[in-house]
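Note sheet for the following structure.
Bear in mind that the values here come from a model prediction, so they are computed numbers and not experimental data.
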Amino acid sequence: MAMHKNPAGGAAAAEAATGAVGSDDYALSRVPRDKRLGFWTMLLQWLAQSGSISQFTLGATIGVGMTFGDAFLAFTLGAVILEVVIFAIGLAGMREGLATPLLTRWAGFGRNGSALVSLVISVSLVGWFGVQNTIFGDSVSALVGGPSWLWCTAAGVAITVLVIFGFKYMAVFAKIVTPLFFAMVAWSVTDALSDHSFSELIHSPAPGETIPLAVAATAIAGGFMTGAIVSPEMTRYNRKGSHVFLQSASSMILSEYIVGLTGVLLGHLVGSGQVSQIVLSTSGVFGVLVVLMSTAKINDWNLYGSSLGVVNFFQVVFGKRVHRGAVTIVLGIAGTLLSAVGIMTHFTDFLSVLGVAIPPVGGIIVAEYWVVRRMRAPLDATRDAETLPATSPTWVPMSLVIWAAAFCVGKFYDGGIPALNSLLTAFVLYCVLGLAGWIRTYGTTALDDTDEPTPAATGTATVGAP
């Protein structure tokens, strides 16, 4: 099989050719083994995703409509769903050194299908970028004054500048921000709860209208499901599979059981989901600065993942390699504008749709990579050489049909947890049809942008056939 040049050299050549600012960060290549990072550096990156004002807000919103015990069950269901998805997909990303958009070319979707996946995920992540910015802007505006849009703009600019320079600087930033954020939050929350009985708060009834378990679990799992699907963006820098599990599990424990359930207690305390002022009010200017940095630490991954998706989308659709740093600037401006005009007003609808639209992608990736395992053969052949396969399937139409069917199950079937329903539907359908030989790839496309698609030897190739 033909192999391409060293991926590190390819990335460097792309940067030199474009002259763009920032780092391309192996956007269209494998991350070399000698560029992977150690356990503690990566752990801080994972833990940095656990702490945000929005997670406290989500916990408080759920707490208003649920008892503590029911909320605990909802967070447990959400955490288990997320961890299974993160580990299954993240381990594939670690093994291959590939981000999700590129991985999907050989994991269920083919080259053209990967462009659609990239577009959907990129739009979702830019939306989350706006949501996080809006939460920050509203919180700081209420605390220290000034228009919310101004604070949204300040945060958006700061995050964009950070992400332009890539993973290396994001990792350094996580080492600074993560300990400061959790120390500040512990101080604020302890102060807020010090005059109240923990036992009474835990056993108190829900102060608002009841939220069904399925709705709460969907909000929890769906709220980070896009993050789970794009976990290879982070895990491709891991050295071992055990690190992926330990780091992601630690992040789930901190995010759901500590941050989320603390938000539930705060929701019971104030009878409202608007608890950000509690987290910020006892910390003064220092607290505002730390929350700004923590917002950046969450949002840098939203922007980073979105930029990788857009780079893959442009290469597939337009045959052009665009520099990730330049893409980051455009997306950062777009996300900042979304936050300034108030995307948070659609927060509930956004979570609801996200909770059922994204999981099928993960189900298909996991089914193909770990069960059917026929499209991934070129990855196996080139993994040790740290190169990419010379070709990829052009289309896998049945994967798009499965994606649509799984979304409909999650969206319109009333039983169970929609996010889990859609994910499992996609996983089961792909496994059954793939192993039966009913999923076929159509055409073969060379990796190089300048090469034209060429037909497969027989016109089609069967996925899962003997």
Could you tell me whether the side chain of Leu433 reaches within less than 4.5 Å of the side chain of Ile402, counting heavy atoms only? yes
How far apart are the C-alpha atoms of Thr262 and Tyr257, what are their side-chain angles, what is the distance that settles it, and do they pass the side-chain contact (heavy atoms from CB on, under 4.5 Å) test? CA-CA 8 Å; Thr262 298; Tyr257 291 110; over 6 Å; no
Applying side-chain contact (heavy atoms from CB on, under 4.5 Å) to Asn421 and not counting sequence neighbours gives Val409, Tyr413
Please give me the minimum heavy-atom distance between Ser250 and Leu43, naming the atom from each residue. CB-CD1, 4.1 Å
With rounding to the nearest 0.5 angstrom, report the CG to CG distance, Asn133 to Leu338. 10.0 Å
Using the test salt bridge (charged side-chain N to carboxylate O under 4.0 Å, His left out), find all partners of Arg36 that sit at least two apart in sequence or belong to another chain. none
Do Glu233 and Tyr304 have a side chain donor and acceptor closer than 3.5 Å? no
Just by distance, do the side chain of Trp149 and the backbone of Val341 share a donor-acceptor pair under 3.5 Å? no
Show, in sequence, the C-alpha distance, side-chain angles and deciding distance for Gln247 and Met234, and conclude whether the side-chain contact (heavy atoms from CB on, under 4.5 Å) test is met. CA-CA 11 Å; Gln247 291 159 3; Met234 186 182 298; over 6 Å; no
Backbone of Tyr369 reached by a side-chain donor or acceptor of Arg376 within 3.5 Å: yes
Verify, without hydrogens or angle tests, whether Ser255 (side chain) and Met252 (backbone) share a donor-acceptor contact under 3.5 angstrom. no
Hey, are Gln55 and Glu256 close enough side-chain-wise for a donor-acceptor pair under 3.5 Å? yes
dist Ile364:CD1 -> Cys431:SG (nearest 0.5 Å) comes out at 10.5 Å
So does Phe129 get a backbone contact from the side chain of Asn299, meaning a donor-acceptor N/O pair under 3.5 Å? yes
Check: Leu261 and Leu265 side chains under 4.5 Å, non-hydrogen atoms: no
Under 3.5 Å, side chain of Asp300 to main-chain N/O of Met170, donor-acceptor pair present? no
Where Gly93 and Pro232 come nearest, the two heavy atoms and their spacing: CA-CB, 3.7 Å
Are any non-hydrogen side-chain atoms of Pro359 and Trp403 less than 4.5 angstrom apart? no
Student check: side-chain heavy atoms of Val163 and Leu331 closer than 4.5 Å: no
Where the side chain of Ser122 meets the backbone of Ser118, is there a donor-acceptor pair that is under 3.5 Å apart? yes
Are Glu368 and Trp106 linked by a side-chain donor-acceptor pair shorter than 3.5 Å? no
Smallest separation among heavy atoms of Gly434 and Ile439, with atom names: N-CD1, 3.6 Å
Would Val230 and Ile121 count as a side-chain contact (heavy atoms from CB on, under 4.5 Å) if you check the C-alpha gap in whole Å, the side-chain angles of each, and the deciding distance to 0.1 Å? CA-CA 8 Å; Val230 300; Ile121 290 177; 3.3 Å; yes
Using 0.5 Å steps for rounding, measure from the CG atom of Leu102 to the CG atom of Leu308. 9.5 Å
What distance separates Phe412 CZ from Asp414 CG, expressed to the nearest 0.5 Å? 10.5 Å
side-chain contact (heavy atoms from CB on, under 4.5 Å) involving Ala115 - partner list, sequence neighbours excluded: Phe313, Val316, Val317
Does Ser422 reach the side chain of Pro360, with side-chain heavy atoms less than 4.5 Å apart? yes
Contacts of Ser148 that satisfy side-chain contact (heavy atoms from CB on, under 4.5 Å) - sequence neighbours left out: Asp138, Ser141, Cys152
Residues which pass side chain to side chain donor-acceptor pair (under 3.5 Å) with Thr178, listed by chain and number, not counting sequence neighbours: none
Measuring from Thr41:OG1 to Leu37:CG, what's the distance to the nearest 0.5 Å? 6.0 Å
Please tell me whether Phe167 and Trp301 form a close aromatic pair, meaning their ring centres lie under 6.0 Å apart. yes
Which heavy atom in Asp24 sits nearest to a heavy atom in Arg324, and how many Å separate them? OD1-N, 3.0 Å
Any pair counted as salt bridge (Lys or Arg N to Asp or Glu O under 4.0 Å), so long as it reaches residues 81-97, sequence neighbours left out: Arg30-Glu96, Glu96-Arg383
With the side chain counted from C-beta on, respond yes when Asn312 and Arg105 share a heavy-atom pair under 4.5 Å apart, and no when they do not. yes
Please test Phe75 against Val264 for side-chain contact (heavy atoms from CB on, under 4.5 Å), starting from the C-alpha separation and ending with a verdict. CA-CA 10 Å; Phe75 274 105; Val264 171; 3.8 Å; yes
Are Leu103 and Leu379 side-chain neighbours, meaning at least one heavy-atom pair lies under 4.5 Å? yes
Between atom CG of Leu429 and atom CE of Met398, what is the distance when rounded to the nearest 0.5 Å? 9.5 Å
Do any N or O atoms from the side chain of Ser248 and from the backbone of Ile86 form a donor-acceptor pair under 3.5 angstrom? no
Sidechain-backbone polar pair: Gln315 side chain, Leu28 backbone, donor-acceptor under 3.5 Å: no
Are the side chain of Thr76 and the backbone N or O of Phe72 linked by a donor-acceptor pair below 3.5 Å? yes
Answer with yes or no whether the side chains of Thr235 and Asn238 bring together a donor and an acceptor at under 3.5 Å. no
Backbone N or O of Phe165 within a donor-acceptor pair of the Ser23 side chain at under 3.5 Å? no
With heavy-atom distances below 4.5 Å as the criterion, would you say the side chains of Pro207 and His268 are in contact? yes
